[in-house]
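If you read the sequence from its start, that first residue is 1, and numbering goes on from there. Please read these numbers as outputs of a predicted model, since none were measured by experiment.
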Amino acid sequence: MIDHLDGAVIPTGFDVPVEPLRRAAHYTGEQGCIAEARSFAALFLDQLRTEWCARIDERVDGAVLLVVSELVTNADRHSNGPYILELVGTDSAVTVSVYDSSSALPRIFPRNPERIGRHGLEIVHALAEQVSVERVPVGKRVRAVLPLAEATQG
């Protein structure tokens, strides 16, 4: 609910949507898909700010875009077909899920600063509060939950 006072909009605390904001996009793996997924995620974050009044600072914004990049890149490189990016958000968290057609579960390699590449899941685990991988009927889903708490403190 929003009260209006002399033309000013005053949030009353009851104006938060009931359902989380949920958006999904399908990608074929063609060149440019990873950049398209990042743009899709940036638009999602803007919509989350508007519809959920979510306070998302630049650090969290960058973390969400990086997680999207890493998970979509992994799906692009390691699956044999199209993949789906699903974003779900509220004023407290964003969940990034990527569904792809490969049933092979991703591995986290032991830390090795000399290794070139294959650091994507390390990055996702460092940025996300929770990461899970599960097989689904058509392949797998990799899911990362990023809290927005740092954006709402102070």
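- The heavy-atom pair separating S79 from S102 by the smallest distance is CA-CB, 3.9 Å.
- No donor-acceptor pair closer than 3.5 Å links the side chain of R22 to the backbone N or O of V88.
- For R143, the side-chain contact (heavy atoms from CB on, under 4.5 Å) partners are T95, S97, Q130, S132, R141, V145, not counting sequence neighbours.
- Within the structure, salt bridge (charged side-chain N to carboxylate O under 4.0 Å, His left out) contacts touching residues 95-106 (residues at least two apart or in different chains) are D100-K140.
- Evaluation of the side-chain contact (heavy atoms from CB on, under 4.5 Å) rule for T73 yields I34, R77 as partners, not counting sequence neighbours.
- Annotation: Q31, atom CD; neighbour count of heavy atoms from other residues, nucleotides and ligands within 6.0 Å does not exceed 12.
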* Candidate pair R135 and S103, rule side chain to side chain donor-acceptor pair (under 3.5 Å), full reasoning -> CA-CA 6 Å; R135 286 192 171 98; S103 61; 4.7 Å; no
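- L105 and V136 are members of different hydrophobic clusters when ILVMFWY side chains are connected at heavy-atom separations under 4.5 Å.
- Evaluation of the salt bridge (charged side-chain N to carboxylate O under 4.0 Å, His left out) test over residues 61-74, restricted to residues two or more places apart or in two chains, returns R49-D61.
- There is a path of hydrophobic side-chain contacts, each under 4.5 Å, that joins L21 to V68.
- Each of I84, V67, V72, N74 was compared with V98 under the side-chain contact (heavy atoms from CB on, under 4.5 Å) criterion, and only V72 meets it.
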* Intermediate values then yes/no, side chain to side chain contact (heavy atoms under 4.5 Å, CB included), V138 and Y99 -> CA-CA 9 Å; V138 295; Y99 296 81; over 6 Å; no
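- Of all the heavy atoms in A63 and L127, the pair that sits closest is O-CD1, 4.0 Å.
- For the salt bridge (Lys or Arg N to Asp or Glu O under 4.0 Å) test, residues two or more places apart in sequence or in another chain that qualify with E122 are R115.
- Taking the side-chain contact (heavy atoms from CB on, under 4.5 Å) definition, one finds that A25 meets it with Y27, F40, sequence neighbours left out.
- There is a path of hydrophobic side-chain contacts, each under 4.5 Å, that joins V124 to V133.
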* To do: Apply the test side chain to side chain contact (heavy atoms under 4.5 Å, CB included) to residues F44 and V94: give CA-CA distance (whole Å), side-chain angles for both, the deciding distance (0.1 Å), then the verdict.
  => CA-CA 10 Å; F44 175 84; V94 171; 4.2 Å; yes
